[in-house]
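Note that this is a predicted model, so its numbers are computed, not measured. The sequence lines fix the lettering, A, B, ..., with proteins before strands; numbering per chain opens at 1.
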Amino acid sequence: MKALPVGDNALLVEVASGEEAQALHAELVRRRAEGSLTVREIVPAARTVLLDGLTDPARLASELAAAEVPPEPPRAGNVIELPVRYDGPDLADVAALWGVREAEVARIHASTEFRVAFCGFAPGFGYLAGLPSRYDVPRRATPRTAVPAGSVGLAGPYTGVYPRSSPGGWQLIGTTDAVLWDHARVPAALLSPGTRVRFVATGPERTS
Amino acid sequence: MTDRALSVVRAGALTTVQDRGRPGHAHLGVPRSGALDQPAAGLANRLVGNRPEAAVLETTLNGCAVRPRSTVTVAVTGAPCRVTMDGRAVAWGAPVRVPAGALLEVGAAVLGVRSYVAVSGGVTVEPVLGSRSTDLLSRLGPPPLSDGAVLPLGRPEEPHTHVDVGPQPAPPAELVLRVTPGPRDDWFTPEAVRAFTTRTFRVSSASNRIGLRTEGPALERARSGELPSEGMVLGAVQVPPDGRPVVFLADHPTTGGYPVIGVVRTADLPAAAQAVPGTPVRFVAVRRR
């Protein structure tokens, strides 16, 4: 574990893998909840956790440098189920990349338990980890100028759901009616780092 | 709509509602947002007797014009500009009583970029995650002002007893930004690291509330490949593939995949918010405190 200073009040803690970053994030959130860590923002990402708003980053850096990466966090909390129609425009391309039939893409995706590794790109957009690395896919060579809200896409090792219409280069495999972000709701974000997620296939015949 | 409201007569190039922003939600992908020149916004609020968290208007280069529906106290700070009421010049940087129905015009910035307009009672649009700030990156908060829009105002605080005419720094002829190196300075060649803190850049006209973009020497990377997305802080100097440093301001993305060569001290960011395109910029390396 490496703690890089960022400006005067922040640390970027770097670990070896996405799984370690998720474990470290869970541990840091736990420490903040119990009161042993005072920090304004804990921002997990692909291989790092950013701690911003620290009063004594140097001391924490030396403490973290001597610490072990915590073991994988327990699977705590409810699983959020997202209903999905596997009808995305890139389903055939993903099936070809995976070397399976389209129906098999849906089966594999819907039988995976995901975990929100981190959020970014837009409020409520979660990077969901969980698929084995053999299912990593590249981004589309040409991003779409408008991806509809609710689109379920794949990029690299991650699955993501577009909270609203925006440009994007992810491979779209499906659509959900779940509301990922509603600032009038508490909490506004359906998914936050650490949230467990399952996609539940709903055939087109069952949607109204 | 009650009579405590402000009619927007001329929205200007880009006028937004801003307060102290919505920090604490970066892990959800929510930028902090808030007034770019916090000291100027804070002074405007003090001048009209508002609480520090009250929302003000932030103009961009060419001001705006508003008409209050009730008598209010207004103060304009930040970028110096001509301020008029029904066509007559009134004070900039001091409280001005504006009767109901009068037209308050905030002119083009004479120096600097952003003027702040505080109105007694504050702008009370519906807060989002605890803040009324317009976030131009993620489109949270109220949309930028448009001609004809009506903004609700809060009830003024008890009358304040003293007039606080605070000193305001003049916008800089040269922008000097103190930076602490890293966390990704090792992604750049030694020449690029040296150029970053010894050469002079210029403020690019592509700058906005998300970042202060620069023109000047391109900083060359020492390594190829992609940096996995990582958390970004206010003041981070991110270097995209074109090699031109971008200083992250209030509406910056919460994560990013380009290496950060250094981080500008927060105290220097208000000056960055007032630097007009073409202003020379120097990054000065300082030791971490």
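Within a 6.0 Å radius of CZ in B/R288, other residues, nucleotides and ligands contribute more than 12 heavy atoms. Within 6.0 Å of CD in B/E226 there are 12 or fewer heavy atoms belonging to other residues, nucleotides or ligands. In this structure, A/R30 places its CZ atom where more than 12 heavy-atom neighbours from other residues, nucleotides or ligands lie under 6.0 Å away. The local environment of CZ in B/R155 is sparse, with at most 12 non-hydrogen atoms from other residues, nucleotides or ligands closer than 6.0 Å. The neighbour count for B/E220 CD, taken as heavy atoms of other residues, nucleotides or ligands under 6.0 Å away, does not exceed 12. For B/R51, the CZ atom is loosely surrounded, since the number of other residues' heavy atoms within 6.0 Å does not exceed 12. Within a 6.0 Å radius of CZ in B/F188, more than 12 heavy atoms belonging to other residues, nucleotides or ligands are found. When the shell of 6.0 Å around CG of A/N78 is examined, it contains 12 or fewer heavy atoms from other residues, nucleotides or ligands.
Of all heavy-atom pairs between A/A188 and B/L129, the closest is CB-CD2, 4.1 Å. Here the closest heavy-atom approach between residue A/R40 and residue B/P23 is recorded as CD-CB, 4.0 Å.
Atoms OG and CZ, from B/S138 and A/F121 in turn, are 11.5 Å apart once rounded to the nearest 0.5 Å.
Your options are A/A184, A/G7, A/S192, and the one with the most heavy-atom pairs under 4.5 Å with chain B is A/G7. Taking chain A as the reference chain and counting heavy-atom pairs below 4.5 Å, the highest number among B/H25, B/R184, B/E126 is found for B/R184.
At a heavy-atom separation below 4.5 angstrom, chain B is approached by A/P44, A/A45, A/A46, A/R47, A/T48, A/L50, A/D52 within residues 44-53 of chain A.
The only member of B/V128, B/L28, B/L140 that meets side chain to side chain contact (heavy atoms under 4.5 Å, CB included) when paired with A/P123 is B/L140.
Contacts between A/L12 and chain B at a heavy-atom distance below 4.5 Å involve the side chain alone, from C-beta outward. Contacts of A/A122 with chain B are made by backbone atoms alone, with heavy-atom separations under 4.5 Å and no side-chain atom involved.
Counting only heavy atoms from C-beta outward, the side chains of A/V6 and B/V260 never approach each other to under 4.5 Å.
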